[in-house]
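In what follows, a structure is listed as structure tokens, so that the remarks can point back to it.
Just so it is clear, the values below take in all heavy atoms, side chains as well, and ignore hydrogens, waters and symmetry mates.
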Amino acid sequence: MKQQFAALWINQQTDGTLDVSVQQCTTEQLSAGTVTIRTAYSGLNYKDALACSPTGNIVKSYPFIPGIDVSGVIIESEDERYSAGQRVLVTGYGLGVTHTGGLSEIVRVPGDWIVPLPDSLSLREAMIFGTAGLTAALAVERIERHGITTDKGPILVTGATGGVGSIAVSMLAQLGYEVAASTGKAQYEELLRSLGAKQIVAREELLPERPRALDKQRWAGAIDVCGGGILASILASLHYGGAVAATGMTAGGTFPASVFPFILRGTALYGIDSVFVPSTERVRLWSRIAAEWKSFTHTPSWIRELQLTDVPAFLNQLLQGQSSGRAIVKIGKDE
């Protein structure tokens, strides 16, 4: 008899709506791969919410298992680089988008997608970071490599109560930067300060009634998850030679910007993509996360642990902008 296991399946109904529920399945229903993993945890991201939405335009064919993050233990490998019993994690590539994803008790992936888990990081901690943590790490390093040191002035982080934003606040603060955290959720001010934010900026401040191509210089740099008018406002308010690392578009995929910040203040706009980061870079970044930034996992009030059956309701909240912090899904054992 074939072994059955639980997974979150998305099924498209005849009227175009999606049914998202936990169902039993077998490995024959998983996408092809050379390494099979018993899942310990998955992390939840905005892209997962889009995958479960009929208007999300993420998943192209159904039925499907979402989940762009997974950590677990290898149970079978056809790839000589990996062996049974090894602790690993996977983020990005096609996982949970074109390839059956991490919201499943069993996951099968190509060996090239795997990152061996650093010894000092647990499977649970790996998913507290997940794609959000990898994205935040890429953005923070982009700020560093641009030459913005801790004495240059405040670094703005937008969407600071979300996954990428909250982790970025913590990472920057641990490096000694003065962090300004922007949010539309005033009730989380104390939690943001506990992560290291020195000042709180209301989201409305970044959306003036009369936007200007160049505004008062406020930020040495910024990590922006919003896009839209907020990104345009940030660009207009950067210090001379400043930079923005753009990681998302929750406020829109287009922005009404001017070339003035670039040609009159020498600013830069960097795009951050964590989906197709080369394997060697992933390994290096995860080692840095484990060595320098692990303390983010010690903020339990900011981390929500769910069961697989809780996921559909939570993803709906995520789409409505009603969530904060990091949500992880406990699926198996943290070995």
### Query
Which is it for Gln307 and Thr309 under the side-chain hydrogen bond (donor to acceptor under 3.5 Å, both in side chains) test, yes or no, and what are the steps along the way?
CA-CA 5 Å; Gln307 300 298 312; Thr309 51; over 6 Å; no
### Task
For Leu175 and Glu292, run side-chain contact (heavy atoms from CB on, under 4.5 Å): C-alpha distance rounded to whole Å, both residues' side-chain angles, the deciding distance at 0.1 Å, then the answer.
CA-CA 9 Å; Leu175 291 172; Glu292 297 184 43; 3.7 Å; yes
### Query
Would Val22 and Leu8 satisfy side-chain contact (heavy atoms from CB on, under 4.5 Å), going step by step from the backbone distance to the final call?
CA-CA 4 Å; Val22 177; Leu8 188 73; 4.0 Å; yes
### Query
Hey, mind stepping through Phe5 and Arg38 against side-chain contact (heavy atoms from CB on, under 4.5 Å) and telling me if it holds?
CA-CA 10 Å; Phe5 54 89; Arg38 186 175 302 281; over 6 Å; no
### Query
After noting the C-alpha distance and the side-chain angles of Ser194 and Glu190, does the key distance pass the side-chain hydrogen bond (donor to acceptor under 3.5 Å, both in side chains) rule?
CA-CA 6 Å; Ser194 74; Glu190 289 307 312; over 6 Å; no
### Task
Take Val73 and Leu123 through the side-chain contact (heavy atoms from CB on, under 4.5 Å) test and state the conclusion after the steps.
CA-CA 9 Å; Val73 177; Leu123 292 166; 4.1 Å; yes
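By the 6.0 Å contact criterion, NZ on Lys198 is open, its count of non-hydrogen atoms from other residues, nucleotides or ligands being 12 or less. No more than 12 heavy-atom neighbours from other residues, nucleotides or ligands sit within 6.0 angstrom of CD on Glu76. The local environment of OH in Tyr62 is crowded, with over 12 non-hydrogen atoms from other residues, nucleotides or ligands closer than 6.0 Å. When the shell of 6.0 Å around CZ of Arg265 is examined, it contains more than 12 heavy atoms from other residues, nucleotides or ligands. More than 12 heavy atoms of other shown residues, nucleotides or ligands fall within 6.0 angstrom of atom CG in Asp273. The local environment of CD in Gln187 is crowded, with over 12 non-hydrogen atoms from other residues, nucleotides or ligands closer than 6.0 Å.
When every heavy atom of Leu191 is checked against every heavy atom of Ser301, the shortest pair comes out as CD2-OG, 3.1 Å. Shown here for Ser42 and Ile331, the closest heavy-atom pair between the two residues is CB-CD1, 4.1 Å. Across every non-hydrogen atom of Leu95 and Gly67, the tightest pair is CG-O, 3.4 Å. Contact detail for Pro154 and Gln199: the closest heavy-atom pair is CB-NE2, 4.1 Å. Shortest non-hydrogen contact noted between Ala222 and Ile234 is CB-CG2, 3.6 Å. Taking each heavy atom of Ile155 and Tyr177 in turn, the nearest pair found is CG1-CD2, 3.6 Å.
Interatomic distance, Ile167 CD1 to Thr135 OG1, rounded to the nearest 0.5 Å: 8.5 Å. Once rounded to the nearest 0.5 Å, the distance linking OG1 of Thr297 with CD of Glu125 reads 4.0 Å. Interatomic distance, CD1 of Ile75 versus CD1 of Ile106, reported as 4.0 Å (0.5 Å rounding). The distance from the CH2 atom of Trp219 to the CG atom of Leu156 is 5.0 Å, given to the nearest 0.5 Å. The distance from the CZ atom of Arg108 to the OG1 atom of Thr36 is 5.5 Å, given to the nearest 0.5 Å. A distance of 10.0 Å separates CG of Leu103 from CZ of Phe64, quoted to the nearest 0.5 Å.
Distance alone, capped at 3.5 Å, places no donor-acceptor pair between the Ser71 side chain and the Met127 backbone. Looking only at distances, a side-chain donor or acceptor of Lys330 sits under 3.5 Å from a matching main-chain atom of Gly332. Side-chain N or O atoms of Arg326 include one that pairs as donor or acceptor with a backbone N or O of Leu44 at under 3.5 Å. Between the side chain of Ser31 and the main chain of Thr100, a donor-acceptor pair closer than 3.5 Å is present. No donor-acceptor pair closer than 3.5 Å links the side chain of Thr267 to the backbone N or O of Gly242. Looking at Glu281, its side chain never comes within 3.5 Å of a backbone N or O of Pro278 through a donor-acceptor pair.
Neither Val169 nor Tyr46 shares a network with the other; the hydrophobic side chains, linked directly or stepwise wherever heavy atoms of I, L, V, M, F, W or Y lie under 4.5 Å apart, form separate groups for each. Residues Phe314 and Trp302 are members of separate hydrophobic clusters, defined by side-chain heavy-atom contacts under 4.5 angstrom among Ile, Leu, Val, Met, Phe, Trp and Tyr. A continuous path of ILVMFWY side-chain contacts below 4.5 Å connects Val277 to Trp293, so both sit in one hydrophobic cluster. Taken together through direct or relayed side-chain contacts under 4.5 Å among Ile, Leu, Val, Met, Phe, Trp and Tyr, Ile148 and Leu172 form part of one hydrophobic cluster. Note: the hydrophobic cluster containing Leu134 does not contain Val107 (ILVMFWY, side chain heavy atoms under 4.5 Å, direct or indirect links).
Annotation: side chain of Leu315 is not in contact with side chain of Leu50 (no heavy-atom distance under 4.5 Å). Inter-residue side-chain proximity for Asp69 and Asp48 is flagged as unmet; no heavy-atom pair is nearer than 4.5 Å. Under the 4.5 Å side-chain criterion, counting only non-hydrogen atoms from C-beta, Arg284 is not in contact with Thr280. For the pair Glu189/Thr183, no side-chain contact is recorded, criterion being any heavy-atom separation below 4.5 Å from C-beta on. Contact of the His99 side chain with the Pro110 side chain is registered, since non-hydrogen atoms from C-beta on lie closer than 4.5 Å. Taking 4.5 Å as the limit, some side-chain heavy atom of Ile10 sits within range of a side-chain heavy atom of Cys52. You'll find the side chain of Gln86 stays beyond 4.5 Å of the side chain of Ile114, heavy atoms only. Side-chain contact check for Ile37 versus Val90: some heavy-atom pair is nearer than 4.5 Å.
Every residue two or more places apart in sequence or in another chain that forms a side chain to side chain contact (heavy atoms under 4.5 Å, CB included) with Asp112 is listed here: Arg81. Remark: Ser258 engages no residue in a side chain to side chain donor-acceptor pair (under 3.5 Å) (not counting sequence neighbours).
Under the 6.0 Å distance and 45° angle rule, Arg282 counts as a cation-pi partner of Tyr93.
Here the rule is side chain to side chain donor-acceptor pair (under 3.5 Å) with Tyr270, and of Arg145, Arg142, His146 only His146 fits it. Just one residue in the list Asp224, Leu269, Ile230 forms a side-chain contact (heavy atoms from CB on, under 4.5 Å) with Phe255, and that residue is Leu269.
Relative orientation of the Trp286 and Phe129 rings is perpendicular, given thresholds of 30° and 60° on the angle between their planes.
Applying the side chain to side chain donor-acceptor pair (under 3.5 Å) test to every pair with at least one member in residues 228-241, sequence neighbours left out, gives no pairs at all.
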